[in-house]
Amino acid sequence: MTGKPHKQPFVIGVAGGASSGKKTVGDMIIYQLHDQRVVLVNQDSFYHSLTSEELSKVHEYNFDHPDAFDTEKLLSSIEMLKHGKSVDIPKYDFKSYKSGVSRRVNPSDVIILEGILVFHDPRVRNMMNMKIFVDTDADVRLARRIRRDTSEKGREIGMVLDQYSKFVKPSFDNFILPTKKFADIIIPCGGDNHVAIDLIVQHIRTKLGQHDLCKTYPNLYVIHSTFQIRGMHTLIRDAQTTKHDFVFYSDRLIRLVVEHGLGHLPFTEKQVTTLTGSVYTGVDFCNSAVQAIKLLLKKGTSRSACGLQRVSKD
Ligand SMILES: Nc1ncnc2c1ncn2[C@@H]1O[C@H](COP(=O)(O)OP(=O)(O)O)[C@@H](O)[C@H]1O
Ligand SMILES: Nc1ccn([C@@H]2O[C@H](COP(=O)(O)O)[C@@H](O)[C@H]2O)c(=O)n1
C-alpha cells in the first residue's frame with residue numbers, strides 16, 4: 001500500500017424546521033473551524049426536479065415531505081465524501097423547481113449536512129458522528145420564511161402562507177419534529193446561541209485531534225494545532241533558520257507542552273491571605289504533580305529542562 005491511510009471525516013447533521021437557522025449554525029461552525037477543511041452540504045440540493053405535470057400544479061406539491069428528496073443520491077454523495085473522494089453535488093433552483101449544473105465538492109475533514117429532514121432516513125442518520133437539532137419557535141420561523149420567500153424567491157405572500165398551512169406546518173409536526181429525539185444536541189435560538197456553537201466546535205476539535213494513539217492511551221492529550229504552533233514548527237524545521245531562532249522557537253514550543261501538561265495535573269484548593277489582608281481562594285498542585293515535574297527535569301535534555309524551569313519554580 002502507498003500513501004497515507006485515509007482518515008474518515010467527521011460528519012455533522014444539522015436538522016430543524018425551515019428557516020430555523022440551520023444554515024446559519026453551519027456557517028458559524030465553519031467560521032470557527034477556519035483552520036480545518038470543512039464542507040457544507042445542503043439537503044435542498046437533492047430535491048427532485050419537478051416534471052412538467054407537477055410544475056403545472058406546483059401549489060399541490062409538498063416540498064416538506066421526505067419523498068420530495070432524492071435520498072439515494074444524497075446517501076451515495078456523502079458516502080463518496082466519507083471515503084475521501086470528490087463528488088458533484090447538484091445545484092437546486094427554487095425558482096424553476098429544477099436541479100441544474102453541479103458543483104464539485106472535495107473531500108474534507110468535516111462534513112456538515114444540513115436540511116429539514118436529514119434525520120429522517122436511518123441510513124443518513126447513521127453516517128453522522130454528531131446530530132444537532134436547531135429548535136426555533138414556529139412564529140419566528142414563519143416570519144423569517146415570509147421575508148425570505150417574498151424577497152429572495154419572489155413569491156406572493158398569500159402563496160407563502162397557503163403553502164405554510166397546507167404543507168410546511170403539518171410536515172414539521174409529522175416528519176421533522178419527531179426526529180428531534182435523535183439529536184445529540186438541541187440548540188435553542190440557533191445562530192444566536194454562541195455558547196452552544198462554542199461547545200460544539202470544541203467537541204469537534206477534540207475529535208479531530210484524536211490520533212490512533214489516543215485510543216491506545218486514553219490519558220494521552222493532543223495539543224490543538226494553531227497557526228502559531230504550525231508556524232513555529234515550520235521555523236524549527238527550516239534549514240535556513242538561524243541557531244538563535246531555532247533555540248528561541250524550540251524553547252517556546254517546549255514551554256507550551258509543559259504548560260499544557262500542567263493543566264492535566266491534580267490540584268487541591270488553597271487559600272492565601274493577600275498583602276491587603278483579604279483571603280484569596282486558588283489552587284495548589286498536589287505533591288505527585290511536583291514530583292512528576294522533578295522527574296521530567298532529571299530526565300529532560302538541557303533545553304527542555306530550561307523550558308520546564310520557566311513554568312515550574314520547583
Ligand atoms: N439568529 C437570527 N437572527 C435573525 N435572523 C436570522 C437568525 N438566524 C437566521 N436568520 C435569518 O433567517 C433566515 C433563515 O436562516 P437560515 O440559517 O437560512 O435557516 P435554515 O437553513 O434553517 O432555513 C435567513 O434569512 C437568515 O439570515
Ligand atoms: N422548490 C421549493 C423547494 C423547497 N421549498 C421549501 O424550502 C424549505 C426547506 O429549505 P430550508 O433551507 O428552509 O431548510 C421547505 O420548507 C420547503 O417548503 C420551497 O418552498 N420550494
Side-chain angles (χ1 to χ4, degrees), residues 12-31 40-71 74 89-100 112-120 124 131-177 179-180 183 185-198 200:
I12 308 167
V14 185
S19 297
S20 56
K22 302 181 294 297
K23 185 168 180 298
T24 305
V25 166
D27 286 343
M28 288 174 79
I29 296 175
I30 293 177
Y31 180 75
L40 183 77
V41 178
N42 197 308
Q43 191 184 22
D44 291 349
S45 304
F46 299 90
Y47 267 118
H48 288 294
S49 291
L50 294 198
T51 62
S52 38
E53 199 195 331
E54 286 166 336
L55 209 48
S56 65
K57 294 183 271 180
V58 72
H59 304 304
E60 291 168 29
Y61 194 89
N62 186 355
F63 291 100
D64 294 70
H65 191 280
D67 292 346
F69 298 95
D70 185 348
T71 303
L74 183 147
I89 297 207
K91 277 188 189 164
Y92 182 75
D93 178 15
F94 284 87
K95 287 190 176 153
S96 65
Y97 303 94
K98 284 193 188 319
S99 284
I112 303 177
L113 174 60
E114 169 267 301
I116 50 172
L117 284 160
V118 289
F119 295 168
H120 181 76
V124 181
K131 294 186 272 302
I132 300 169
F133 190 94
V134 183
D135 203 6
T136 304
D137 288 346
D139 53 348
V140 177
R141 282 187 277 116
L142 176 59
R144 286 182 189 164
R145 188 182 180 104
I146 293 171
R147 182 173 292 141
R148 191 175 63 174
D149 285 6
T150 51
S151 62
E152 286 173 27
K153 296 181 189 160
R155 295 184 184 170
E156 291 287 316
I157 187 160
M159 188 186 147
V160 178
L161 293 174
D162 284 350
Q163 185 194 9
Y164 186 83
S165 51
K166 198 168 169 188
F167 297 120
V168 181
K169 189 183 176 335
S171 289
F172 179 81
D173 295 336
N174 294 329
F175 302 115
I176 303 171
L177 193 56
T179 66
K180 187 171 152 181
I185 300 159
I186 296 165
I187 314 190
C189 311
D192 287 333
N193 199 327
H194 293 270
V195 174
I197 310 277
D198 286 352
I200 289 165

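Each ligand, and each atom within it, is numbered from 1 in the order the structure gives. Along the sequence shown, residues are numbered consecutively beginning with 1.
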Can you spot which of Tyr47, Phe63, Tyr61 makes a ring pair (Phe, Tyr, Trp, His ring centres under 6.0 Å) with Tyr97? Phe63
Check step by step if side chain to side chain contact (heavy atoms under 4.5 Å, CB included) holds for Asp192 and Thr24. CA-CA 9 Å; Asp192 287 333; Thr24 305; over 6 Å; no
From the options Ile116, Val118, Val168, select the one residue that forms a side-chain contact (heavy atoms from CB on, under 4.5 Å) with Ile176. Ile116
Going by the rule salt bridge (charged side-chain N to carboxylate O under 4.0 Å, His left out), which residues pair with Lys23 if we only count those two or more places apart in sequence or in a different chain? Asp27
Return yes when atom NZ of Lys169 has more than 12 non-hydrogen atoms of other residues, nucleotides or ligands closer than 6.0 Å, and no otherwise. no
With side chain to side chain contact (heavy atoms under 4.5 Å, CB included) as the test, would you mind laying out the steps for Ile29 and Ile132 before giving the verdict? CA-CA 12 Å; Ile29 296 175; Ile132 300 169; 4.1 Å; yes
Applying salt bridge (charged side-chain N to carboxylate O under 4.0 Å, His left out) as the test, list every pair that has at least one member in residues 49-63; sequence neighbours left out. Glu53-Lys57
Working for side chain to side chain contact (heavy atoms under 4.5 Å, CB included), residues Phe46 and Val41: CA-CA 10 Å; Phe46 299 90; Val41 178; 3.8 Å; yes
Per the under 4.0 Å non-hydrogen criterion, ligand 2 touches Ala18, Ser19, Lys22, Asp44, Tyr47, Phe63, Asp64, Tyr92, Phe94, Tyr97, Ile116, Arg145, Arg148, Arg155, Gln163
Using heavy atoms and a strict 4.0 Å limit, residues surrounding ligand 1 turn out to be Gly17, Ser19, Ser20, Gly21, Lys22, Lys23, Thr24, Glu114, Arg144, Arg148, Asp192
Below 4.0 angstrom, N of the basic side chain to O of the carboxylate: do Asp149 and Lys153 qualify? yes
